Structure formats: C-alpha cells, structure tokens
2 protein chains.
Amino acid sequence: MSLVRSDIGRLLQYKLCLLRFKELGVNTIFSYNLGEAAGVTAVQVRKDFSVYGIKGRKRGGYNIDTLLIELNNIFGNSRKNIVVVGIGNIGKAIIQYNERFVKKNLHIVAGFDIDPSKQNKSYGVPIYPVEKISEVIKNNNVSTAIIAVPFQVAQELCNILISAGIKGILNFAPIILKVPDEIIVDNINLSNKLEGIIYNINL
Amino acid sequence: MSLVRSDIGRLLQYKLCLLRFKELGVNTIFSYNLGEAAGVTAVQVRKDFSVYGIKGRKRGGYNIDTLLIELNNIFGNSRKNIVVVGIGNIGKAIIQYNERFVKKNLHIVAGFDIDPSKQNKSYGVPIYPVEKISEVIKNNNVSTAIIAVPFQVAQELCNILISAGIKGILNFAPIILKVPDEIIVDNINLSNKLEGIIYNINL
DNA sequence: TTTTTATTGTATTTATTTTCACAAAAAATT
DNA sequence: AATTTTTTGTGAAAATAAATACAATAAAAA
Ligand SMILES: NC(=O)c1ccc[n+]([C@@H]2O[C@H](COP(=O)([O-])OP(=O)(O)OC[C@H]3O[C@@H](n4cnc5c(N)ncnc54)[C@H](O)[C@@H]3O)[C@@H](O)[C@H]2O)c1
Ligand SMILES: NC(=O)c1ccc[n+]([C@@H]2O[C@H](COP(=O)([O-])OP(=O)(O)OC[C@H]3O[C@@H](n4cnc5c(N)ncnc54)[C@H](O)[C@@H]3O)[C@@H](O)[C@H]2O)c1
C-alpha cells in the first residue's frame with residue numbers, strides 16, 4: 001500500500017500547532033487561529049474535526065486540552081519503536097535527532113549498517129551489523145523502519161525488514177520499493193522535491 | 001503558495017526510472033513497465049503523458065531518449081543554484097550529498113550558519129555567516145533555499161531569504177512558514193511522516 | 001429580555017484526480 | 001490479405017478533496 005490519507009497529515013500538523021499554543025499559555029482556540037497556524041482555511045479545520053467527531057462550542061471555539069486528548073485518541077499515545085537502516089549522512093542526522101523524536105513517543109532503538117566502522121560510534125543509539133536486523137526488530141517490538149541506504153541495496157534491505165516483521169517504512173532512497181499490499185511506505189525524494197519546487201517557481 | 005501539482009511529482013519519478021532503464025541499455029518502454037517501476041498504473045502514466053502532449057507509438061511503446069528529451073523540456077535543463085540555511089545534522093547531510101545533486105543540475109553553492117564553528121569546515125561547499133545571505137544569493141543567482149534551522153528561527157530566516165530574492169523553499173523545520181503568495185514552499189516534517197505511517201499501520 | 005454578533009457544523013457545490021472503457025493504430029500471425 | 005493481438009490515447013465516469021453557503025447556537029450587547 002502506498003500512502004497516508006491527506007487529512008491525517010493535517011491533523012498531525014494541528015497537533016503540533018496546538019502544543020505550541022498550549023506552551024504559550026493559550027487554552028482556547030478558534031478554527032481560524034488554528035488554520036492560520038497550520039496553513040489551511042478555517043473551514044478545512046472544522047471539516048477535519050467534523051469528520052473525526054471532534055466538537056467545539058459554538059461561538060466559544062475549541063478547548064486546546066480537549067483537542068489534544070481527542071487527537072491523541074486518534075493517533076494513540078503509546079511508545080513506538082523505530083530502527084534506521086544505513087547510518088550515512090541522512091541516517092546519522094536522524095539518529096542524532098532521537099532525543100527530540102522521543103518527546104513524540106517515537107523511539108529510535110537501533111541503527112544498522114554494513115560498514116563495521118559505523119558500528120563503533122553510537123550517537124546515543126546502538127548500531128548493529130545488518131545480520132542483527134531480524135533479532136533486534138523482534139526483540140524490541142519495532143513496527144517501523146527508516147531506510148537510508150544507497151538505492152542499489154534499498155529493495156534488498158526492504159525485503160529483510162519486512163521478513164523481520166516491519167509494517168511501515170520511511171524511505172529516503174530514490175527508488176519505489178516493491179512491498180506487499182499491507183505494508184505502508186512513504187518516500188522522501190529530496191532531488192525530486194527540489195526539482196518540483198523549481199518547476200513551480202518557473203511556472 | 002503551497003505545493004506542487006501531483007502529476008509533477010510523478011513526471012519526476014518517471015524521469016528517474018527512465019534514466020535507470022537507459023543505464024541498463026533499454027531503449028523502448030511500455031506504459032506498463034514504467035508504471036511498474038514508478039509505482040503507478042499504466043493508465044496513469046499514459047494519462048500524464050497525454051496531458052503534457054507526450055506521444056508514444058501504438059503497440060510500440062515509448063522511446064526512452066525521446067521521453068527524456070520531452071521531460072527535460074518540461075523541467076528545463078539549466079543549472080539551478082541552491083543554498084542551505086542551518087548546517088546542523090540535516091544541513092550537513094544535504095551538503096555532503098551535493099556531488100549527487102549536481103548530476104541533476106542542482107548545485108548547492110553555499111551554506112549559512114550562525115555558529116562560527118560551522119563556518120570553518122566546508123564539506124565541499126562554502127559556509128558563510130547569515131549576514132552574507134543576501135550578498136551570496138544575489139551574486140550567485142540562487143532561486144531556491146533549504147531551511148534546516150531550529151523551528152524557533154525558521155520564520156526569521158525565511159523572511160531574510162525572501163528579501164534576498166529566494167523564490168522557493170524546502171523547509172525541514174516543523175513549522176508552517178508564512179510567505180507571500182508567489183513563493184513556493186514545500187515542507188518535510190519527519191516526525192509527522194513517521195506518525196502518519198504508524199497511524200496507517202494500525203488502521 | 002431582546003437583538004446583534006461571532007463562530008461552529010455540515011449539506012451542497014465545485015474542482016481535482018483517478019479509474020474505466022473503448023476506439024484507433026500498428027505489429028504479428030494466420 | 002485478412003485476422004488477431006497488443007498497446008496507445010483519450011473521453012466519460014467515478015472517486016476524492018476542497019470551497020461555499022448557510023442554519024444553528026451561544027455569547028455579548030443593547
Ligand atoms: N544525503 C542526502 O541529502 C540525500 C539526498 C537525496 C537522497 N538521498 C538518499 O538517501 C539515502 C541515504 O543517503 P546518504 O547521503 O545518507 O548516503 P550515505 O552514502 O552517506 O550512507 C549510506 C549508508 O548506507 C550504508 N550501507 C550501504 N550498503 C548497505 C547495506 N547493504 N546494508 C546496510 N547498510 C548499507 C553505508 O555504509 C552508509 O553508511 C541514499 O539512497 C541517497 O540516495 C540522500
Ligand atoms: N535531524 C533530524 O532528523 C530532524 C528530524 C525532524 C525535524 N528536524 C528539523 O530540521 C531542522 C534542522 O534539524 P537538525 O537536526 O539539523 O538541527 P541542528 O540543531 O543539528 O542544526 C541546526 C543548525 O542551525 C543553526 N542555527 C541556529 N540558529 C540559526 C540562525 N538564527 N541562523 C542560522 N543558523 C542557525 C545551528 O547553528 C545549527 O548548526 C530543525 O528545525 C529540526 O526540528 C530534523
């Protein structure tokens with residue numbers, strides 16, 4: 001399977017914005033304010049909430065704590081374990097961000113690399129050889145992996161990850177992975193993102 | 001303005017796949033093969049081509065060189081200069097990939113960071129203090145910037161970039177940037193990507 | 001208390017994207 | 001030469017997503 005309903009992305013963005021508003025001491029918010037912060041229209045906000053049965057008060061807006069509880073009900077607030085395959089430029093950047101991911105209950109519990117020299121330095125996350133993938137994923141109840149290896153080996157690693165029980169993949173390699181229908185894949189292709197932006201600039 | 005028509009992303013993916021087929025010595029391709037490689041249906045491929053006036057030969061498929069020429073006509077094949085703001089984990093990973101971006105005519109010509117210690121090491125791309133943003137962007141005809149600074153300062157840097165003439169931004173900071181209508185912004189929020197994948201896994 | 005104002009919630013409309021259906025053309029086969 | 005097969009190209013239909021319009025309601029003002 002490929003991707004992510006588009007309203008889900010917006011709900012996650014709302015969550016982020018709401019946490020920031022809360023930090024600033026705001027308790028109540030109108031769809032207009034939240035839309036402004038999240039880069040969408042006020043109607044879009046209300047419609048999204050409406051679809052998920054989230055209610056505000058007419059003329060009173062939404063209570064931020066309530067909203068956050070409702071959003072946490074949708075997304076769950078249990079711990080999620082993640083691994084990173086390929087501890088090169090991107091992989092390293094990601095595991096070094098782990099401290100911040102942990103605040104969102106996203107825990108990078110291991111990295112994997114074929115290069116033994118990567119297995120020494122740990123950046124706070126243990127790095128294992130690829131032979132350990134299956135064992136580590138099974139022992140740590142890992143559902144999700146980030147692929148940051150060269151595209152030539154990405155499909156191979158993807159297959160290993162799926163055999164080990166991975167259900168979702170965030171893939172940085174510039175290739176479309178072939179996966180069974182029930183596996184969720186999301187791709188980030190930076191070159192294409194840049195080319196897309198430049199295309200739009202020149203439109 | 002926000003984002004990128006969805007067919008554009010597919011056309012870029014086709015381009016990538018076609019280059020790989022070409023490298024393998026393939027000259028001619030059917031919509032079915034290209035769709036398979038690009039992760040879309042054959043009809044989607046043909047429809048996308050149809051919209052952009054790209055023709056194949058009935059029962060003969062498409063000539064890869066011709067397709068690549070047509071796609072290059074759409075996207076242009078001139079050199080594109082890019083800068084990166086914030087040479088931390090992500091910024092560093094990106095400028096170290098410059099050699100590969102250059103093959104796609106995407107040239108990272110400079111990085112910027114507020115931290116003087118980042119300005120020494122260059123990773124092949126010169127790193128300047130933020131005060132130089134305007135000068136460097138103007139002197140190098142830079143249209144596009146990558147923002148990889150903490151979210152608290154992202155809007156500020158964004159404003160500086162736009163004043164300096166930047167027209168498109170790829171933003172890694174987890175915040176929605178406020179920009180004039182004509183500026184193109186594309187956001188990559190890794191936490192949200194991961195949370196979105198996990199939501200879909202558990203669906 | 002009544003009226004006005006501000007805001008939510010949603011049904012309806014409009015726009016966009018994807019899929020379906022199938023004719024047209026060219027190649028291959030008989 | 002006629003028939004069958006394969007594949008493109010695209011109009012039409014279906015599905016999805018976003019914007020519009022407006023009723024309902026609660027708060028504020030008169
Ligand atoms: N860095 C970027 O800005 C950038 C930009 C666009 C795309 N990408 C893509 O992201 C991916 C990672 O990029 P990067 O810059 O981090 O690459 P990198 O070369 O720095 O790192 C790749 C890592 O994968 C490891 N590796 C290689 N083969 C392996 C295998 N079989 N099993 C396990 N590990 C293996 C290498 O040892 C290395 O540490 C690549 O596919 C690249 O094309 C990166
Ligand atoms: N690394 C990741 O995997 C990851 C994941 C999710 C989100 N992000 C986001 O991407 C952005 C960059 O992340 P990172 O991990 O590279 O952060 P980082 O802290 O490693 O790097 C940030 C860099 O920005 C520089 N900086 C700070 N203020 C500046 C200013 N005013 N002007 C210029 N430079 C300034 C710092 O000196 C530092 O070099 C952040 O917004 C972060 O939230 C990163």
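Residue numbers start from 1 in every chain, and the chains themselves are labelled A, B, ... in the order their sequence lines are given, proteins ahead of strands. Keep in mind that this is a model prediction, so the values were computed, not measured.
- Asn189(A) places no side-chain N or O within 3.5 Å of a backbone atom of Lys193(A) that could act as its donor or acceptor partner.
- For Ile29(B) and dT8(D), the CD1 to C1' distance is 14 Å, given to the nearest whole Å.
- Applying the salt bridge (Lys or Arg N to Asp or Glu O under 4.0 Å) test to every pair with at least one member in residues 150-170 of chain A, sequence neighbours left out, gives no pairs at all.
- Looking only at atom types and distance, the side chain of Tyr52(B) has a donor-acceptor partner in the side chain of Asp7(B) under 3.5 Å away.
- Contacts classified as ring pair (Phe, Tyr, Trp, His ring centres under 6.0 Å) and involving residues 58-77 of chain A (residues at least two apart or in different chains) are given here: Phe49(A)-Tyr62(A), Phe75(A)-Tyr199(B).
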Report, one pair per line, the protein and nucleotides 1-5 of chain C atoms (nitrogen or oxygen only) whose separation is under 3.5 Å.
| from | atom 1 | to | atom 2 | distance (Å) |
| --- | --- | --- | --- | --- |
| dT5(C) | O2 | Arg59(A) | NH1 | 2.0 |

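- Applying the salt bridge (Lys or Arg N to Asp or Glu O under 4.0 Å) definition to pairs two or more places apart or across chains, those involving residues 59-77 of chain B are Lys22(B)-Asp65(B).
- As rounded to whole Å, 11 Å separates atom P of dT8(C) from atom CG of Leu67(A).
- In this structure, of dT19(C), dT7(D), dT8(C), it is dT8(C) that holds the atom nearest to the side chain of Phe30(A).
- We find that CG of Asn63(A) is positioned 13 Å from P of dT8(C), with the value rounded to whole Å.
- For Arg10(A) and dA19(D), the CZ to P distance is 9 Å, given to the nearest whole Å.
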Solution key, residues 140-150 of chain B side-chain donor-acceptor pairs under 3.5 Å, sequence neighbours excluded:
| from | atom 1 | to | atom 2 | distance (Å) |
| --- | --- | --- | --- | --- |
| Asn140(B) | ND2 | Val136(B) | O | 2.8 |

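- Distance, Gln44(B) CD to dT7(D) P: 20 Å, rounded to whole Å.
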So which protein N/O to nucleotides 9-12 of chain D N/O distances come out below 3.5 Å?
| from | atom 1 | to | atom 2 | distance (Å) |
| --- | --- | --- | --- | --- |
| dG9(D) | OP1 | Gly56(B) | N | 2.5 |
| dG9(D) | OP1 | Gly56(B) | O | 3.1 |
| dG9(D) | OP2 | Gly56(B) | N | 3.3 |
| dG9(D) | OP2 | Tyr62(B) | OH | 2.7 |
| dG9(D) | N7 | Arg46(B) | NE | 2.8 |
| dG9(D) | O6 | Arg46(B) | NH2 | 3.0 |
| dT10(D) | OP1 | Lys55(B) | NZ | 3.0 |
| dT10(D) | OP2 | Ser50(B) | OG | 3.1 |
| dG11(D) | O6 | Lys47(B) | NZ | 3.4 |
| dA12(D) | N6 | Lys47(B) | NZ | 3.2 |

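- Taking atom CG on Asp7(B) and atom P on dA17(D), their separation rounds to 16 Å, with Å as the unit.
- Distance Tyr52(A) OH to dT10(C) P: 15 Å, rounded to the nearest Å.
- Residues Asn89(A) and Tyr97(B) bring no donor and acceptor atom of their side chains to less than 3.5 Å of each other.
- One finds the CD1 atom of Ile127(A) at 4.0 Å from the CD1 atom of Ile87(A) (value rounded to the nearest 0.5 Å).
- Per the geometry, CG belonging to Leu34(A) stands 14 Å off P belonging to dT7(C), to the nearest Å.
- Checked by atom type, the side-chain pair Lys80(A)/Ser78(A) shows a donor-acceptor distance below 3.5 Å.
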